[in-house]
Amino acid sequence: VSVPVKCHFLYDAAKHIIKIDGKAGLYKGLGPRLCAGAIGTVVHSKVLQKCQEKGTPQVLGGQQKAAESSLQHVVNETTKEMVARSCATIITHPFHVITLRCMVQFIGRETKYSGLFDSIVTVYREEGVLGFFAGLIPRLLADILSLWMCNLLAHVINTYAIDDT
């Protein structure tokens, strides 16, 4: 699908939402999303800072060639980033759940999730504490896999595909 087609689809979707719910409908779930973003940024930076201070145990040890040494660096840095991202994801996942439910209820024309605090009460009343963590495992797995794949691919490209000259 080309970019103009995607933009056209998003424009049509936005027009449809405005027609049904008004311009405010475009901002459903914005409050919990902003909370998740702010809290996630703080948690990520604090955890990453602690990881940098303590240092990660050397995953690959011993005397190695320069290429393996740079791989060791990539593995160690990616491990720190994975821990920081995972902590941030776990802490902010309840806001993610509420954000999605606020947005998706447009499809079913529901009004259960109206604001942040009302949504918290609704999720807790209907599903208990575990309701706030619905879908956490697939989200964590996807985040971790994409982080490792991107960082290792970048390392391979930088090491073997890009000529230093």
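Counting from 1, the numbers follow the sequence of the chain as shown.
- Both Ile98 and Val129 sit in one connected hydrophobic cluster of ILVMFWY residues. Membership requires side-chain heavy atoms under 4.5 Å apart, directly or through other members.
- Remark: Glu127 engages Arg101 in a side chain to side chain donor-acceptor pair (under 3.5 Å) (not counting sequence neighbours).
- Hydrophobic clustering (side-chain heavy atoms under 4.5 Å, transitive across Ile, Leu, Val, Met, Phe, Trp, Tyr) keeps Ile120 apart from Met103.
- For Cys150, there are no side-chain contact (heavy atoms from CB on, under 4.5 Å) partners, not counting sequence neighbours.
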Distance-only donor-acceptor hits, side chain of residues 136-144, under 3.5 Å, sequence neighbours excluded:
| unit_1 | atom_1 | unit_2 | atom_2 | d |
| --- | --- | --- | --- | --- |
| Arg139 | NH1 | His93 | ND1 | 3.0 |
| Asp143 | OD1 | Arg85 | NH1 | 3.4 |

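- Both Val123 and Ile91 are assigned to one and the same hydrophobic cluster, defined by single-linkage of ILVMFWY side chains at heavy-atom distances under 4.5 Å.
- Between the side chain of Ser45 and the backbone N or O of Val42, at least one donor-acceptor pair lies under 3.5 Å.
- Listed by chain and residue number, nothing satisfies the side chain to side chain donor-acceptor pair (under 3.5 Å) test with Glu53 (two or more places apart in sequence, or in another chain).
- Side chain of Gln105 to backbone of Tyr113: a donor-acceptor contact under 3.5 angstrom is found.
- Criterion: ILVMFWY side-chain heavy atoms under 4.5 Å apart, direct or through other members. Under it, Ile39 and Leu100 are not part of a common hydrophobic cluster.
- Every residue was checked against the side chain to side chain donor-acceptor pair (under 3.5 Å) condition with Thr89, not counting sequence neighbours, and none meets it.
- With sequence neighbours excluded, the residues that form a side-chain contact (heavy atoms from CB on, under 4.5 Å) with Ala84 are His44, Val47, Leu48.
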